[in-house]
Each structure stands twice: as C-alpha cells, then as structure tokens.
Engineer: 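One structure, pasted below without further comment.
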Amino acid sequence: AAAIRACEHAGQWPLALALLQGLGALRISADVVVYSSAITTCEKNQQWKMALRIFEQMEEQGVVPNAVTYAACISACGRQSDWRQA
C-alpha cells in the first residue's frame, strides 16, 4: 500500500495500477488498504472510471470496502459531476 500511495503523491496512477496488478503474479492478495490506496490514487488523478473499475475488481475478489474506499469512489465521481455513479 505504501508504494501505491507514493504513486498517488507523484501523480503516477498508471504505475500504481501496475503495482496492484503485479501482486497477483507474486501470489500476494490485495487487502482493503491496497485497493483503497489504488482507488484514491485514481481519484486524485481524475481517473474516475478506473477508480470504479478497481472498486468492482475489489468486490469480485471478495474484499469488503470500508469508509475510505467509499469516500474515494464518491469523491472520484463527484470530481466528474457523475453523481449517478456515486
């Protein structure tokens, strides 16, 4: 999660997504903190559609969202004025 957060601060959302996807190859399961960090990274970089895709992936993997996850998704949609998605 720390590496993904570092990508957020550097504006490197594609690298954050690559790190998230690379966890599977290492047989490491992403937890709610990792997914939330990736969603927040997308939100901060105006990638709202990607944020929602990650949220869907998170649910598919059986990871339960928390308040941070929901807040990041709502914020991502709000930045794009897509309140229907939020």
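Just so we're clear, the structure is a prediction, and the values are computed from it rather than from any experiment.
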Engineer: Would you indicate whether the side-chain heavy atoms of Met58 and Pro65 approach each other to under 4.5 Å?
Structural biologist: yes
Engineer: Once you round to the nearest 0.5 Å, how far does CD1 of Ile54 lie from CD of Gln21?
Structural biologist: 7.5 Å
Engineer: Given 3.5 Å as the limit, does a donor-acceptor pair link the side chain of Asn45 with the main chain of Gln47, or not?
Structural biologist: no
Engineer: In terms of hydrophobic clustering (I, L, V, M, F, W, Y; side-chain heavy atoms under 4.5 Å; direct or indirect links), are Val68 and Phe55 co-clustered?
Structural biologist: no
Engineer: I'd like to check the side-chain hydrogen bond (donor to acceptor under 3.5 Å, both in side chains) partners of Asn66; sequence neighbours left out, ordered by chain and number.
Structural biologist: Thr69
Engineer: Looking at residues at least two apart in the chain, or sitting in another chain, which of them share a side-chain hydrogen bond (donor to acceptor under 3.5 Å, both in side chains) with Ser75?
Structural biologist: Glu43
Engineer: Side-chain heavy atoms under 4.5 angstrom apart, residues restricted to Ile, Leu, Val, Met, Phe, Trp, Tyr: same cluster for Leu26 and Leu20?
Structural biologist: yes
Engineer: Would Ile4 end up clustered with Met50 when hydrophobic side chains under 4.5 Å apart are linked, directly or stepwise?
Structural biologist: yes
Engineer: How close do Thr41 and Cys7 get, counting heavy atoms only, and between which atoms?
Structural biologist: CG2-C, 4.4 Å
Engineer: Which pairs pass ring-ring contact (aromatic ring centres under 6.0 Å, His included) with one or both residues in residues 23-47, sequence neighbours excluded?
Structural biologist: none
Engineer: Begin with the C-alpha distance, continue with both residues' side-chain angles, and end with the deciding distance and a verdict on side-chain contact (heavy atoms from CB on, under 4.5 Å) for Leu52 and Cys73.
Structural biologist: CA-CA 7 Å; Leu52 294 181; Cys73 287; 4.3 Å; yes
Engineer: Transitively linked via ILVMFWY side-chain contacts under 4.5 Å: Ile39 with Val63?
Structural biologist: yes
Engineer: To the closest 0.5 Å, what do you measure between CD (Glu8) and CZ (Arg5)?
Structural biologist: 8.5 Å
Engineer: Could you see if Val33 belongs to whatever hydrophobic cluster contains Ile28? Use Ile, Leu, Val, Met, Phe, Trp, Tyr and a side-chain cutoff under 4.5 Å.
Structural biologist: yes
